[in-house]
Amino acid sequence: MKSRLRVPELVAADPRHARSAADRYRERIRVHNPRLNAFITQVDPEVPPAAGPLAGVPIAHKDIFVTRGIRTTCGSRMLADFIPPYDATVVERLARAGCILVGKTNMDEFAMGSSNETSAFGPVRNPWDPERVPGGSSGGSAAAVAAGLVPVATGTDTGGSIRQPAALCGVTGFKPSYGRVSRFGMIAFASSMDQAGVLARSAEDVAWVLRGMAGHDPRDSTSVDRPVPDYVAALTRGIRGLRIGIVRNFFDDGLWPTVADRIQAALAVLEAAGARLTDVTLPNLSLSVPVYYVLAPAECSSNLARYDGVRFGHRADRPEDLFDLYCRSRSEGFGEEVQRRILIGTYVLSHGYYDAYYLKAQRVRRLIRNDFLRAFESVDLLAGPTTPTPAFRLGEKTADPLTMYLNDIYTIGVNLAGLPALSVPAGLVDGLPVGLQLIGRDFDEETLFAAAADFQRRTEWHRAEPPGFEDVSG
Amino acid sequence: MKWETVIGLEVHVQLLTESKIFSATPTRYGAPPNTQAGLIDLGYPGVLPVLNRRAVELAVRLGLAIGATVSRRSVFARKNYFYPDLPKGYQISQYDRPIVQGGALEIPLPEGIVKRIGITRAHLEEDAGKSVHDRFPDATGIDLNRAGTPLLEIVSEPDLRSPAEAVAYLKSLHTLVRYLGISDGNLQEGSFRCDANLSVRPEGETRLGTRTEIKNLNSFRFVEQALRHEADRQAGVLEAGGLVVQETRLYDPDRRETRPLRSKEEAHDYRYFPDPDLLPLVLEESFIERIRSALPELPTAKRERFRSAYGLGPYDAAVLTQSRELADYYESARQAGAPDPKLLANWILSEVLAKLNRDHLEIDAAPVPPSALAQLLIRIADGTLSGPLAKTVFEALWAGEGTVDAIVDARGLRQVSDTAALEQVIEETIASHGPQWREYCAGRDKLLGFFVGQVMQATRGRANPQTLNALIRKRRDGSS
């Protein structure tokens, strides 16, 4: 295995080769995962892969997607022994397309976190520096792709959970428009923002996989019934002529100057490729974080009510009565961050507080979306940094949730607006990757692919490999 | 002091759908516990609800039938509370944007009075499961078969002024939902459940008193009993100088009393918010119009038509139109040629209903089809059968002995109207009852019945009563 193969190269004409490719990745997981803790569950092959457009492509699913007969934990003690009786739509579609599941990746508990430190299965380590976080919540997927343990992995993005870890681990992470990919079988955190996406080395690889999982699903009422364009075909369209708005709000005091430099350099690449750059300001964007931390907890407080110890999941030993069963099952099953958000969410929905918090946040959410829509009247894409800083140290921000929440300051607005966005590697700062974020119009994933693929034809950042994980022959 | 009772009702109607409101699981009643609970009904991690279109249609039908506004855009909300038979920890319901808003139901009261009861709203929601407390010694059983069953909650204005009015409202609503085919209205199976809000106030007072909510009213009889008891209780509290506490009370039919379930302070904070898994329900004008054009004739309209078209009294019209099937039975018999609309009504209301009652049958299963009843009434009209003979034939019809004419012939039940034949029997009767005849002739008119009876006996009931009466009188007048 001379170098990491691209997804189209992995698509095997011969199923026997498919098996061997998957086995090579499994071997890499065996060797390297103990250092990274990127996987919660490793999956050995049982059935030969289907002969589809992704035949033989090894894949890892974030452990938030339910997999029939394969433990699905959502990073929580609550579901530590949960074996789902069905497959998520994403899992089912990719299996039918020929993907081979090699494992379930570690994540922040119930996708609540930006560092993977809330996982009940221990933190994932950043392949670029094992003392640093990989980002979150799809940190396991990002680290696994960065370390070459798997060519592609699924993720979910509620407030940046694909793009932020992609940026911190130096991979390409794509969050499609809300409604583009089915949420059926994706364990809910904040239903109005949760969206499944892909982490891979390049926009090209992402396009191949997203093509296999996008599209309307009658089992998800919020999935949108509109045709899925050929994302792979969009890869060759190029940047030339695109109007790209630079989101000035992102270049704030929190942004490290060294990161800003990398982003400026990346923007220069876009301009050199023929994009026309303009400055754009989104007046209400600064409210994204507070709005998000009202709405997402509100939804999660309700979504997580089903984990009550009665039907599935963790159940307290010898409960004294019903109340004790509820209290202890949930106190023991949920970690601190999840409990914090359930409490916040319960509070903002309570009688007398609903209007002041939830309703007001919904109104501001609309303002934020309108800001984006107005911006897209004059530009085709928006651009900026994905995160204010490169990967931080394990434990650095766990003591202060607010500092942790600010990590998602550039990514959250996109979820509130439901737009598609991606992060592509844009260079290293002190040996750590940083990401360029591109944001597209509703359901215009194609333009994002066109721009990202062109950018990656002109840069090498997405090929960079973390030291110690260089691809030696498997 | 005289007290006025003010009542508003919340009725949960189970909608007649094949499957649950947010999943494809069947809704058949009476399946073994937890055999009709799929992953979505169980609230498994990752599952999502998909709205049952049929349930929407049925809700719209009700909205149109009560002259309500059918919302072009309504919203599903989550009602959050923990309970073991509520799998998701929330119930999907509708809160501030229900599918049906406003409207009214006309209810018949004694003496032909019709009262209009306002309907505030009707909203779609899913049912919870069932907790079984009496089956296991140290545990509560949970049956989730019912979880996710589609319900339409119909909320009335506080327009009802007595337990009797409440029952009249419930009966009208019950008739309506069955007319519309939106529910089987089966009270035993819980397809039609009622909670009541009740307060009392001194007569003449316009402000509302403090109300209590009474739950667990699963028969019309219980509703009336429970509301009567609760009204008396509240009046008693107030008369003793106390205050009614706003609370939820449970009716115990065995002890015939209501008792507190939870106080206002203990009331849940349901933390309603729009369900992000379901988009707002947007109804196209054409969808609503299609349902409107397929609406059946409604009970009130049918009742009025039965009065005007057939000349029936208010009571007869009301009873005949209580169910669509009974009204159809009546009209089928009319179409089959039953000549006298009032006589037909009498036959159905007395003979047919009595037999159905006796045999525990529904009208669709009556062994005498409307055409046979029509034939029977034709035979009365053409003089073949007297009323009493017709009843005998009806018995035979019910027992399945064949057609009207075949029974008449086989049993020799044809009415004797032939004057000469009857005169002969009369003479024989006079001959054997001389003293009575003389008394009759001397003016004891009551004895006419005696002679009619004797002749009837002699002719085995076949004598035409009118002819016979006339002949006996004529004989007396001739002999005096």
Side-chain angles (χ1 to χ4, degrees), chain A residues 64-66 72 74 78-79 82 84-89 110 179 182-188 190-194 217-224 295 298-299 301-313 322-323 325-326 330 345-354 358-359 362, chain B residues 21-24 34 37-53 75-92 95-96 129 131 133 138-142 144 147 264-265 267-282:
Chain A
I64 198 169
F65 294 99
V66 301
T72 300
C74 220
M78 182 61 84
L79 293 177
F82 177 62
Y86 75 106
D87 273 332
T89 298
F110 281 96
S182 170
R183 293 189 296 115
F184 189 78
M186 192 174 110
I187 297 177
S191 314
S192 75
M193 289 173 271
D194 293 344
D217 178 5
R219 293 176 295 185
D220 173 4
S221 309
T222 62
S223 91
V224 173
L295 297 181
E299 293 183 21
S301 71
S302 175
N303 281 332
L304 270 58
R306 69 192 60 196
Y307 307 103
D308 57 6
V310 174
R311 293 165 312 284
F312 44 72
L322 181 62
F323 191 72
L325 171 70
Y326 283 159
R330 291 168 67 78
T346 304
Y347 179 80
V348 300
L349 289 175
S350 293
H351 186 73
Y353 298 98
Y354 180 86
Y358 183 84
L359 210 59
Q362 283 291 21
Chain B
I21 185 168
F22 297 118
S23 79
N34 297 310
L39 296 178
I40 293 173
D41 317 312
L42 292 169
Y44 256 65
V47 299
L48 295 170
V50 176
L51 180 60
N52 183 333
R53 190 187 164 91
V75 173
F76 285 95
R78 293 184 182 178
K79 179 179 180 178
N80 295 284
Y81 66 96
F82 283 96
Y83 205 70
D85 61 23
L86 186 71
K88 296 186 293 294
Y90 58 84
Q91 177 194 26
I92 305 177
Y95 185 52
D96 51 0
S131 292
H133 297 292
D138 319 310
T140 295
I142 298 167
L144 294 174
K264 191 185 174 189
E265 286 71 35
H268 297 293
D269 179 353
Y270 290 121
R271 290 171 284 125
Y272 279 101
F273 75 106
D275 190 336
D277 287 334
L278 291 161
L279 301 174
L281 173 60
V282 176

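Worth knowing before you read on, the calculation uses all heavy atoms, side chains too, and leaves out hydrogens, waters and symmetry mates. Order of the sequence lines sets the chain letters (A, B, ...), proteins ahead of strands, with each chain counted from 1.
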Side-chain contact test, heavy atoms from C-beta onward, threshold under 4.5 Å: evaluate it for A:Leu322 versus B:Phe82 and give yes or no. no
Please rank A:Pro85, A:Ser182, A:Pro84 by heavy-atom pairs under 4.5 Å with chain B and give me the top one. A:Pro85
Is B:Tyr272 close to chain A through its backbone or its side chain, or both, or neither, when contacts mean heavy atoms under 4.5 Å? backbone
Between A:Arg306 (side chain only) and B:Pro87 (backbone N and O only), is there a donor and an acceptor less than 3.5 Å apart? no
With a 4.5 angstrom heavy-atom cut-off, is it the side chain or the backbone of A:Ala190 that approaches chain B, or both, or neither? neither
Can you tell which part of A:Tyr353 gets under 4.5 Å to a heavy atom of chain B, answering side chain, backbone, both or neither? neither
Is B:Arg78 close to A:Asn303 at the side-chain level, that is, under 4.5 Å between some pair of heavy atoms? yes
Counting only non-hydrogen atoms closer than 4.5 Å, does A:Phe82 touch chain B with its backbone (N, CA, C, O), its side chain (CB onward), both, or neither? side chain
B:Pro45 and A:Tyr86: which non-hydrogen atoms are nearest, and at how many Å? O-OH, 2.7 Å
With a 4.5 Å cut-off on heavy-atom pairs, point out which of A:Met186, A:Met193, A:Glu299 contacts chain B the most. A:Glu299
In short, A:Ser221 meets B:Pro49 closest at the heavy-atom pair OG-O, 3.0 Å
Start with the C-alpha distance between B:Arg271 and A:Ser302, add both sets of side-chain angles, then the distance that settles side-chain contact (heavy atoms from CB on, under 4.5 Å), and finish with yes or no. CA-CA 9 Å; B:Arg271 290 171 284 125; A:Ser302 175; 5.9 Å; no
If you count heavy-atom pairs under 4.5 Å with chain A, which of B:Asp275, B:Asn80, B:Asp277, B:Leu39 comes out on top? B:Asp277
Find the distance between CG (A:Leu295) and CZ (B:Phe273) and round it off to the nearest 0.5 Å. 10.0 Å
Considering all heavy atoms, the nearest B:Pro274-A:Tyr354 contact: CD-OH, 3.5 Å
Shorter than 4.5 Å, heavy atoms on both sides: which option in A:Ala88, A:Ser192, A:Ser191, A:Ser301 has the most such pairs with chain B? A:Ser191
When you measure from the side chain of A:Thr222 to the backbone N and O of B:Pro276, does any donor-acceptor pair fall under 3.5 Å? no
Top contributor to chain B contacts, counting heavy-atom pairs under 4.5 Å, from A:Arg219, A:Gln362, A:Arg311: A:Arg311
Side chain from CB out, backbone as N, CA, C, O: work out which of these in A:Tyr326 comes under 4.5 Å of a heavy atom of chain B, or both, or neither. side chain
Donor-acceptor check, side chain of B:Asp269 to backbone of A:His351, threshold 3.5 angstrom: yes or no? yes
With ring centroids as reference points, do A:Phe312 and B:Tyr44 lie under 6.0 angstrom apart? yes
